[in-house]
J.: 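Got a structure for you, questions after.
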Amino acid sequence: MSFPLLTATAALPAIGAVATAAVPAARRTTAKWLALVFSLATLVLAGIALARFEPGGDRYQLTESHAWIKDFGVRYELGVDGIGVALMALTALLIPFVILAGWHDADPLAVSDSGSATWKSSRWRPTQGFFALILMVEAMVILSFEATDVFLFYILFEAMLIPMYFLIGGFGDRAHSGSDENAAAQRSYAAVKFLLYNLVGGLIMLAAVIGLYVVAGTFSLSEIAEARANGSLSMATGTERWLFLGFFFAFAVKAPLWPLHTWLPNAMGEATSPVAVLITAVVDKVGTFAMLRFCLQLFPEASKWATPVIIVLALISIVYGALLAVGQRDIKRLIAYASISHFGFIILGIFAMTSQGQSGATLYMVNHGISTAALMLVAGFLITRRGSRLIADYGGVQKVAPILAGTFLIGGLATLSLPGLAPFVSEFLVLVGAFSAYPAAGIIATTGIVLAALYVLVLYQRTMTGPVKAELQGMADLKVRELVVVLPLIALLLFLGVYPKPLTEIVNPAVQHTMSDVQKKDPQPEVEAAK
């Protein structure tokens, strides 16, 4: 029996979560290092899985299949295609940086009479729990990228909400302008809103999962695909459309797609910066990934039927998210609305139903994760120093902390998809795919690029340039730990910006399989015959 690499990659952070939580309360530093070691070991296993994956091989590789709940036909089935293995590697890559960036986010603190946080030991925060929850989220997200049994995926899709709820509600951002009671209320509101939105989506998906089993008699993706291929499974048009809508609604909430997006700015604004990265760069990718793996593969005709409406919603997300980002006064909420705009691009690429669009959407998932992590983590370092998320409280930072300002600028330029940085390739492919299939949609989507330049450059101008504000005099530049977090992410943005081939070689075969599922071919350019 071959080594169960996929199971090990997901089980290792889960084991690390239990071990970290079991560390005695007084040994906080031990818990941090233990969590970091387990996250690095998971990265090694994910790297091995990526190295063993053969882009030209079977659609699903490194497969595992075991009986689980026999009476209901549920199996423990795992396998990765190019898209799944790329996102699994992204998750394993980002978690060590999330842990390092949040090194002190759950340390003991006290609250003074004025409501400002001070570093004392009179009140304890469960440091071990913070890092254990991060590892548990990692385990569930990685396993969701590997699951090829629909019921198994559904369980993971819902279960990851529990640790995320506690990370948002229990470990909020200390840089809050109001009192401690107000901050706690805002965190609680954001956590409950996150949970309710995603639970409603999950319950609707559960009804669709049950309906799929009634129709297909199995939860296995491979068995459903085989039954479709040999003609033994056919769905009535109405049934397929209703099942598609049940799955898509849950994924659109998670993605997040307008108008189901409103939980994201609250969650990212009230969470610590590393947890905000966990939300938008890791957890939300499960939604867009599932659109490719489940919506298009299980319900190809319904996907094509719903495409015009979904493209309109994606365009609204692009423009709406960018416009609201322009008007934000809060740094973290600005990044949250920018992410809504970026997810609009991803969904546009998926449902353009072209190979360029879907390749671009998959690359966008990876590159957005890296660029948003870089920008949000540097913003978190900045906010920690000043104790405020408001843009108006900053100015002249580049004069007192030039390295912080420089890395912030690179992260911002990646967010606006500057040529030479990784997101540019993704956005370019999405727009090429959109233009070739829906020219009007491509034209509207380009306005998101213009608005991105506006909100990123204005943010940099207001926070980093101009005279140094009195409160920022003597601000420390990035320290060694912070540089270890930021510099590798910037190096990746530069590398994938000039040489995306290693990533495209992995994802392109998976995209071709998806195109075959929906029986779509790329539009041929119209060439006028020579006279």
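Here the structure is a predicted model, which is why all the values come from computation and not from measurement.
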J.: Taking D393 for the side chain and S388 for the main chain, is one N or O donor matched with an acceptor at less than 3.5 Å?
T.: no
J.: Carefully, step by step, assess L323 and Y337 under the rule side chain to side chain contact (heavy atoms under 4.5 Å, CB included).
T.: CA-CA 8 Å; L323 283 173; Y337 280 109; over 6 Å; no
J.: On the 0 to 90° scale, with breaks at 30° and 60°, tag the Y499-F495 ring pair as parallel, tilted or perpendicular.
T.: perpendicular
J.: Answer yes or no: is there a side-chain heavy-atom contact under 4.5 Å between L87 and V286?
T.: no
J.: After noting the C-alpha distance and the side-chain angles of K32 and I99, does the key distance pass the side chain to side chain contact (heavy atoms under 4.5 Å, CB included) rule?
T.: CA-CA 8 Å; K32 297 175 185 179; I99 290 173; 5.8 Å; no
J.: Search all heavy atoms of I318 against all heavy atoms of G448 and return the closest pair with its distance.
T.: CG2-CA, 3.8 Å
J.: Ignoring hydrogens and angles, tell me if any N or O in the side chain of K332 forms a donor-acceptor pair with the backbone of A379 under 3.5 Å.
T.: no
J.: R462: what forms a side-chain contact (heavy atoms from CB on, under 4.5 Å) with it, not counting sequence neighbours?
T.: I391, V458
J.: Roughly how far, to the nearest 0.5 Å, is CG of L418 from CD of E427?
T.: 11.0 Å
J.: Quick check: closest heavy atoms across G202 and E158, and the distance to 0.1 Å?
T.: CA-OE1, 3.3 Å
J.: Show me, pair by pair, the donor-acceptor contacts under 3.5 angstrom made by side chains of residues 278-285, not counting sequence neighbours?
T.:
| residue | atom | partner | partner atom | Å |
| --- | --- | --- | --- | --- |
| T280 | OG1 | S339 | OG | 3.3 |
| K285 | NZ | T280 | O | 2.8 |
| K285 | NZ | H368 | ND1 | 2.9 |

J.: Under the side chain to side chain donor-acceptor pair (under 3.5 Å) test, which residues partner N367, sequence neighbours left out?
T.: S426
J.: Can you find a heavy atom in the side chain of L62 that is under 4.5 Å from one in the side chain of E146?
T.: no
J.: Do you know the tightest heavy-atom contact between A338 and A325?
T.: N-CB, 4.1 Å
J.: Side chains of Y76 and T7: any donor to acceptor distance under 3.5 Å?
T.: yes
J.: Is it the case that the side chain of R52 and the backbone of G47 share a donor-acceptor pair, with hydrogens and angles ignored and the cut-off at 3.5 Å?
T.: no
J.: Would you say T372's side chain and G369's backbone share a donor-acceptor pair under 3.5 angstrom?
T.: no
J.: Step by step, work out the side chain to side chain contact (heavy atoms under 4.5 Å, CB included) result for M205 and F153.
T.: CA-CA 11 Å; M205 180 183 169; F153 173 83; 3.7 Å; yes
J.: How long is the straight-line distance from CD of E482 back to CG of L377, given to the nearest 0.5 Å?
T.: 10.0 Å
J.: Quick check: do E138 and L94 have side-chain heavy atoms less than 4.5 Å from each other?
T.: no
J.: Under the 3.5 angstrom rule, does the side chain of H342 hit a backbone N or O of Y364 as a donor-acceptor pair?
T.: no
J.: Are side-chain N/O atoms of Y197 and T262 paired as donor and acceptor at under 3.5 Å?
T.: yes
J.: So, do F343 and H261 have ring centers that fall under 6.0 Å from each other?
T.: no
J.: Of all the heavy-atom pairs spanning L348 and A314, show the shortest one and how long it is.
T.: N-CB, 3.8 Å
J.: Which value, rounded to the nearest 0.5 Å, describes the distance between L143 atom CG and L152 atom CG?
T.: 5.5 Å
J.: Using the ring centroid of each side chain, check whether Y165 and F194 are separated by less than 6.0 Å.
T.: no
J.: Taking atom CZ of R481 as the centre, does the number of heavy atoms from other residues, nucleotides or ligands within less than 6.0 Å exceed 12?
T.: yes
J.: Any chance OH of Y460 has more than 12 other-residue heavy atoms, nucleotides or ligands included, within less than 6.0 Å?
T.: yes
J.: May I ask you to decide whether R333 forms a salt bridge with E270, counting only side-chain N to carboxylate O separations under 4.0 Å?
T.: no
J.: Could you tell me if the side chain of V425 sits less than 4.5 Å from the side chain of L503, heavy atoms only?
T.: no
J.: If you draw a 6.0 Å radius around CD in E471, do more than 12 non-hydrogen atoms from other residues or ligands fall strictly inside?
T.: yes
J.: May I ask you to decide if L472's main-chain N or O and R386's side chain share a donor-acceptor pair within less than 3.5 Å?
T.: no
J.: Give me the one residue out of F131, F38, W103 that meets ring pair (Phe, Tyr, Trp, His ring centres under 6.0 Å) with W33.
T.: W103
J.: Any chance you could measure T384, atom OG1, to H104, atom NE2, to the nearest 0.5 Å?
T.: 10.0 Å
J.: Less than 4.5 Å apart, any side-chain heavy atom of P423 and any of L493?
T.: yes
J.: Measure across P256 and I340 and return the closest heavy-atom pair with its distance rounded to 0.1 Å.
T.: CG-CG1, 4.3 Å
J.: For V80 and L6: C-alpha separation, side-chain torsions, deciding distance, then whether side chain to side chain contact (heavy atoms under 4.5 Å, CB included) applies.
T.: CA-CA 9 Å; V80 287; L6 296 186; 4.2 Å; yes
J.: OG/S371 to CD1/I490 distance, rounded to the nearest 0.5 angstrom?
T.: 11.5 Å
J.: Is any side-chain heavy atom of L40 closer than 4.5 Å to one of L36?
T.: yes
J.: Could you tell me whether F251 and F157 have their ring centroids closer than 6.0 angstrom?
T.: yes
J.: Could you tell me which non-hydrogen atom of T20 sits nearest to which non-hydrogen atom of A31, and how far apart they are?
T.: CG2-O, 3.6 Å
J.: How long is the span from the CG atom in L78 to the CD atom in E64, to the nearest 0.5 Å?
T.: 5.0 Å
J.: Within a reach of under 6.0 Å around CZ of F428, are more than 12 heavy atoms found that belong to other residues, nucleotides or ligands?
T.: no
